[in-house]
S.K.: 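What follows is a structure written as structure tokens; I'll ask about it next.
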Amino acid sequence: AQTVTQSQPEMSVQEAETVTLSCTYDTSESDYYLFWYKQPPSRQMILVIRQEAYKQQNATENRFSVNFQKAAKSFSLKISDSQLGDAAMYFCAYRSAITGANSKLTFGKGITLSVRP
Amino acid sequence: DTAVSQTPKYLVTQMGNDKSIKCEQNLGHDTMYWYKQDSKKFLKIMFSYNNKELIINETVPNRFSPKSPDKAHLNLHINSLELGDSAVYFCASSQMVGETQYFGPGTRLLVL
């Protein structure tokens with residue numbers, strides 16, 4: 001079974017600075033997808049960024065980018081120019097590329113990010 | 001336009017009652033999911049349906065029964081509610097062959 005580990009429960013960053021959130025995962029599969037979801041106090045789960053394991057290029061979405069290290073099974077999220085609205089809980093998630101019963105998302109425990117003005 | 005919607009958003013009820021949560025998606029997806037987020041914010045899959053067929057059924061008490069009348073709807077019925085059922089329940093949808101799941105706003109259930 002796949003597992004996702006987010007070992008840092010909390011992080012803090014100064015507004016306009018850069019912060020990196022860590023995530024590691026364990027799988028025996030070679031093809032899969034990785035995601036970062038943001039959950040603000042409104043509790044809505046918002047997709048931040050996704051990465052296909054077969055792609056070597058790291059995904060980027062505006063101020064958000066990932067450092068995907070497949071061999072190390074590491075998938076960190078970098079937030080540049082942090083804004084107050086980035087304050088939220090961030091979840092790392094894994095999804096097998098095999099469809100059907102393996103299509104579920106497996107989540108890490110999440111990390112609470114606070115942004116200091 | 002709301003992509004994935006859930007009703008109700010809040011549900012407060014007494015132990016032993018039966019309640020339902022409804023989910024609808026207008027994204028044209030063929031797969032829908034129910035996730036439970038516990039008091040420690042941990043998210044875990046409960047069920048998934050693809051084209052009205054149950055494809056994922058995790059270790060969930062049989063007091064929980066999902067129903068999918070069509071591929072745009074997935075409802076969750078809970079019998080004999082217990083204190084431990086208090087949580088936030090999220091519905092999500094995706095294409096079966098698509099990897100990205102889109103979530104509804106969540107339903108906060110409080111069992112007293």
Side-chain angles (χ1 to χ4, degrees), chain A residues 1-10 23 25 27 29 31-55 59 61 66 68 75 88-113, chain B residues 2-6 8-11 23 25 27 29-51 53-60 66 74 86-110:
Chain A
Q2 294 80 21
T3 58
V4 177
T5 302
Q6 294 178 255
S7 55
Q8 309 153 302
E10 294 177 351
C23 173
Y25 58 94
T27 183
E29 297 176 334
D31 200 12
Y32 47 86
Y33 304 98
L34 296 164
F35 305 86
W36 280 97
Y37 281 88
K38 170 185 177 180
Q39 187 178 39
S42 67
R43 81 165 175 258
Q44 177 73 50
M45 292 289 288
I46 302 165
L47 177 68
V48 175
I49 199 165
R50 58 173 247 204
Q51 174 79 42
E52 295 90 339
Y54 63 85
K55 289 187 178 178
E61 285 288 341
V66 298
F68 172 50
F75 182 61
M89 196 151 187
Y90 287 82
F91 291 93
C92 179
Y94 172 103
R95 183 201 185 279
S96 171
I98 302 170
T99 58
N102 293 307
S103 62
K104 65 182 181 183
L105 287 171
T106 299
F107 286 92
K109 290 185 176 180
I111 177 170
T112 300
L113 176 68
Chain B
T2 304
V4 183
S5 60
Q6 293 178 229
K9 290 190 177 173
Y10 297 93
L11 190 50
C23 179
Q25 55 93 5
L27 296 168
H29 290 162
D30 56 11
T31 306
M32 297 182 73
Y33 310 79
W34 278 111
Y35 289 86
K36 179 180 180 181
Q37 186 174 40
D38 63 22
S39 58
K40 295 185 178 178
K41 303 284 189 173
F42 186 61
L43 279 147
K44 193 162 190 274
I45 185 74
M46 298 175 70
F47 302 103
S48 177
Y49 272 74
N50 172 249
N51 281 322
E53 180 184 345
L54 182 66
I55 57 170
I56 297 175
N57 186 353
E58 293 287 295
T59 313
V60 177
L74 179 60
S86 295
V88 179
Y89 293 85
F90 284 98
C91 177
S93 73
S94 73
Q95 284 295 104
M96 172 52 74
V97 294
E99 64 282 359
T100 302
Q101 294 182 20
Y102 297 90
F103 284 76
T107 296
R108 181 178 292 280
L109 171 65
L110 178 60

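Being a predicted model, the structure only gives us computed values, none of them experimental. We use all heavy atoms of the structure for the numbers below, so side chains are in, but hydrogens, waters and symmetry mates are not. Residue numbers start from 1 in every chain, and the chains themselves are labelled A, B, ... in the order their sequence lines are given, proteins ahead of strands.
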S.K.: Quick one: CZ on B:F90 to CD on A:Q44, what's the gap to the nearest 0.5 Å?
M.R.: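 Reported to 0.5 Å precision, the distance equals 7.0 Å.
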
S.K.: Take A:Q39 and B:F103 through the side chain to side chain contact (heavy atoms under 4.5 Å, CB included) test and state the conclusion after the steps.
M.R.: CA-CA 11 Å; A:Q39 187 178 39; B:F103 284 76; over 6 Å; no

S.K.: Between atom NZ of B:K40 and atom NZ of A:K109, what is the distance when rounded to the nearest 0.5 Å?
M.R.: 7.5 Å

S.K.: Return the CZ to CZ distance between B:F42 and A:F91, rounded to the nearest 0.5 Å.
M.R.: 9.5 Å

S.K.: I would like to know whether B:Q101 and A:Y33 meet side chain to side chain contact (heavy atoms under 4.5 Å, CB included); could you show each step before the answer?
M.R.: CA-CA 11 Å; B:Q101 294 182 20; A:Y33 304 98; over 6 Å; no

S.K.: B:I56 versus chain A, heavy atoms under 4.5 Å apart: side chain, backbone, both or neither?
M.R.: side chain

S.K.: Would you say A:Q8 has more than 12 foreign heavy atoms packed within less than 6.0 Å of its CD?
M.R.: yes

S.K.: I need the minimum non-hydrogen distance between A:S103 and B:Y33, along with the two atoms involved.
M.R.: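 Smallest heavy-atom distance, with atoms named: OG-OH, 3.5 Å.
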
S.K.: Given a strict heavy-atom distance threshold of 4.5 Å, which part of B:E58 is in contact with chain A: side chain, backbone, both, or neither?
M.R.: side chain

S.K.: Start with the C-alpha gap between A:T112 and B:K41, add the side-chain angles, then the distance that decides, and say whether side chain to side chain contact (heavy atoms under 4.5 Å, CB included) holds.
M.R.: CA-CA 10 Å; A:T112 300; B:K41 303 284 189 173; over 6 Å; no

S.K.: Could you check which of A:E52, A:R43, A:R50, A:M89 has the highest count of heavy-atom pairs closer than 4.5 Å to chain B?
M.R.: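 Option with the top pair count is A:R43.
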
S.K.: Rounded to the nearest 0.5 Å, what separation is found between the CD atom of B:Q37 and the CZ atom of A:F107?
M.R.: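 Interatomic distance, B:Q37 CD to A:F107 CZ, rounded to 0.5 Å: 8.5 Å.
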
S.K.: Need one label for A:L105: side chain, backbone, both or neither, based on atoms under 4.5 Å from any heavy atom in chain B.
M.R.: both

